[in-house]
Every structure is written in C-alpha cells, then in structure tokens.
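In this chain, numbering begins with 1 at the start of the sequence shown.
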Amino acid sequence: FSMNSRRSNQSLRAHVRESLFVALSFALATFFVATISAHAQEPAPAAPAPSKGKVFLRRLSSTVALWAVVLGALFCGNKIISDLVFITIMLLLAAARRAYEYERIMRQGWRYRIGQGDLLGVRVTGKTLGIFGMGRIGQAMAQRGRGFDMKIVYHQRTRLPPELEQGATYFPTFEEMLPHCDFLSLHAPANASTDKIVNARTLALLPDGAVFVNVARGGLVDEQALKTALETGLIAGAGFDVLTKEPPKEGNPLLDLRMP
C-alpha cells in the first residue's frame, strides 16, 4: 500500500510539473504573439534601429517560446491522452465485466454465492467499438480497442484520411453508427450540436446488451434517459467520469441509480 501511495504521489508530482510546463509554454507564446501584434499596430518609431544584440535577444525569445509550445504539445499532450484513454478502457472493462456488482458483494461480506457462470458480464474481444469523435483521443482509443481484436467504427463531422482510419469504418451520421456498436465511447466536444446527443431515442438504437462509456463531457448525455436505459436493461452497463453538473448535486439521476 505504501509503495503504491509513493508511486501515486510521484505520478501526481510529474503531472503537476508537466501541467506547469504546458501552462508556461502557452503563456510565453501568448506574450510573444501579443507583443508582435502591439508592435504591428504602432507607427514606426523615429528612433534609431535597435542594436544587433537586442535583435538577437528578440529572435531568441520568440524561438524559445515557439519551441516550448511544440515540446509541450508533443510530450505532455501525448502522456495526458494516453492516461485518459487508459481510464476509458478501465471504465469500459469495469462496465462490461460488472465490476461494480463484484465490489458491492465483497463489501457486503460475500454473502452471495457466485456460480461459475454468474456475473461474467459482456465479452469484449471481437466486438464492435463505436467512437463518437475521432480526434487524437478517439484515435488513441481505437488503437487500444484493436488490442482487444475489436472492430472500430466511428462518426464525426469529417472523415479521416485512410492512413489515420487504419481500417475503421466511417458513418456519416451518429444515428447510422449506433446499431453497429456493441460498445459506444464518447470523445466529442460539448456544443449545441452535441448537447444530449445520447438520449432515449439514440440509446434505443444501440444493440441489446450494449455498453456505454463517456469521458468527454457530461452535457452530451441525457442522464435521466441513461438511468432509465440501465434500470430497464436496455443497455448492459455504463462507465462515466463526467456529469452534467460538477461537482454533482443531490438528486443526480445517475448517482441515485439502483441496479437490479
């Protein structure tokens, strides 16, 4: 336990350092762009041209700022995406294999006798993973899904080029994709077009026993509709680490959920 705690603290410190590095990088870049814009709006001064030393320092500072942004995006961004995708996979597996029910049984003293075929949940291998939002995070999720021999289907506004699709099947609309999704994972931004895009109507389009995962934005989901779908068995399970209102308020339908 103590070893895991130390590792967690080290990981937290590493993430803090990375976050500060990214924040500093963007701050430097913003300052650089603002300075250039301000100079562009000012009339040319009548003062003598700056010395070679000042010109060199200006160019050096701009180069450092730009490289800081590039390095922050390359190194810190990829690590954060990787961590987020592994959280998504954790939620997907936990929902598919009914981890919550196992945990509840253990906390209640293991009074439930589990048969060999009980609580096995939904098999992941060979199933179809639908991804809504195939940006960097969606593509990383597709890569992990292929590790489970999953077929990848996706939807977003524009189709990816073949080299980025890597065999994934594109659907021009969200609704067309849903009947093919044994698992549905959301990785899209929250805006007017995606507000409550997962609702009673679209949940009904999923195959029986589908599993739903959301690590994008809580506003993409009609939480009452998701609760009803879970309680009635329309879908087999759901994993999520975002809610419509955070921190959650009392009476949130998903927190009041009681699985059968």
Could you tell me whether the side chain of Lys249 and the main chain of Lys245 form a donor-acceptor pair under 3.5 Å?
no
side-chain contact (heavy atoms from CB on, under 4.5 Å) with Phe148: which residues, sequence neighbours excluded?
Ile89, Leu93, Val124, Met150
Please name the pair of heavy atoms, one in Ala225 and one in Ala200, separated by the smallest distance, quoted to 0.1 Å.
CB-N, 3.5 Å
Donor-acceptor under 3.5 Å (Tyr170 side chain, Gln156 main chain)
yes
Taking atom CD of Glu250 as the centre, report whether more than 12 heavy atoms of other residues, nucleotides or ligands fall under 6.0 Å from it.
no
Please list, chain by chain and in numerical order, all residues satisfying salt bridge (charged side-chain N to carboxylate O under 4.0 Å, His left out) with Arg159, sequence neighbours excluded.
Glu165
Do any N or O atoms from the side chain of Asp182 and from the backbone of Thr128 form a donor-acceptor pair under 3.5 angstrom?
yes
Hey, are the side chains of Phe171 and Leu178 touching, using non-hydrogen atoms and a 4.5 Å cut-off?
no
What do the steps show when you test Gln139 against Ile81 for side-chain contact (heavy atoms from CB on, under 4.5 Å), and what is the final call?
CA-CA 10 Å; Gln139 291 173 45; Ile81 288 173; over 6 Å; no
Can you hop from Phe86 to Phe183 via hydrophobic side chains spaced under 4.5 Å?
no
Results of salt bridge (charged side-chain N to carboxylate O under 4.0 Å, His left out) for Glu176 - residues two or more places apart only
none
If you take all heavy atoms of Arg146 and Ala168, which pair is closest and at what distance?
NH2-CB, 4.2 Å
Closest non-hydrogen atoms of Met177 and Ile131, given as atom of the first, atom of the second and distance, are SD-O, 3.9 Å
Sequence neighbours left out, what pairs pass side chain to side chain donor-acceptor pair (under 3.5 Å) with at least one residue falling in residues 197-209?
Glu175-Arg201, Asn199-Thr202
side-chain contact (heavy atoms from CB on, under 4.5 Å) against Thr244, all qualifying residues, sequence neighbours excluded:
Glu223
Given the rule in the side-chain contact (heavy atoms from CB on, under 4.5 Å) test, do Val198 and Leu186 qualify, once you have shown the distances and angles that lead to the verdict?
CA-CA 9 Å; Val198 175; Leu186 302 189; 3.8 Å; yes
Looking at every non-hydrogen atom in both residues, tell me the closest pair between Ala95 and Gly237 and how far apart they are.
CB-C, 4.2 Å
Any non-hydrogen side-chain atom of Val221 less than 4.5 Å from a side-chain atom of Phe212?
yes
Does Arg217, at its CZ atom, have more than 12 non-hydrogen atoms belonging to other residues, nucleotides or ligands within less than 6.0 Å?
no
Provide the closest heavy-atom pair for Pro248 versus Leu255 in the form atom of the first, atom of the second, distance.
CB-CD1, 3.5 Å
Where is the tightest heavy-atom contact between Pro179 and Pro207, given as atom of each residue plus distance?
O-CG, 3.3 Å
Tell me whether Glu246 contacts the main-chain N or O of Leu243 through its side chain, where contact means a donor paired with an acceptor under 3.5 Å.
yes
Hey, are the side chains of Thr88 and His187 touching, using non-hydrogen atoms and a 4.5 Å cut-off?
yes
Checking Val211 against Ile235 for the side-chain contact (heavy atoms from CB on, under 4.5 Å) test, could you report, in this order, the C-alpha distance in whole Å, the side-chain angles of both residues, the deciding distance, and whether it holds?
CA-CA 6 Å; Val211 173; Ile235 62 175; over 6 Å; no
Please find out if less than 6.0 Å separates the ring center of Phe132 from that of His155.
yes
Quick one, Tyr154 with Leu129, criterion side-chain contact (heavy atoms from CB on, under 4.5 Å). Give me CA distance, side-chain angles, the key distance, then yes/no.
CA-CA 8 Å; Tyr154 76 99; Leu129 171 62; over 6 Å; no
Please tell me if the side chains of Lys151 and Thr169 come closer than 4.5 Å, counting only heavy atoms from C-beta onward.
yes
Can you list everything that forms a side-chain hydrogen bond (donor to acceptor under 3.5 Å, both in side chains) with Thr232? Sequence neighbours excluded, please.
none
Check: Leu184 and Val213 side chains under 4.5 Å, non-hydrogen atoms:
no
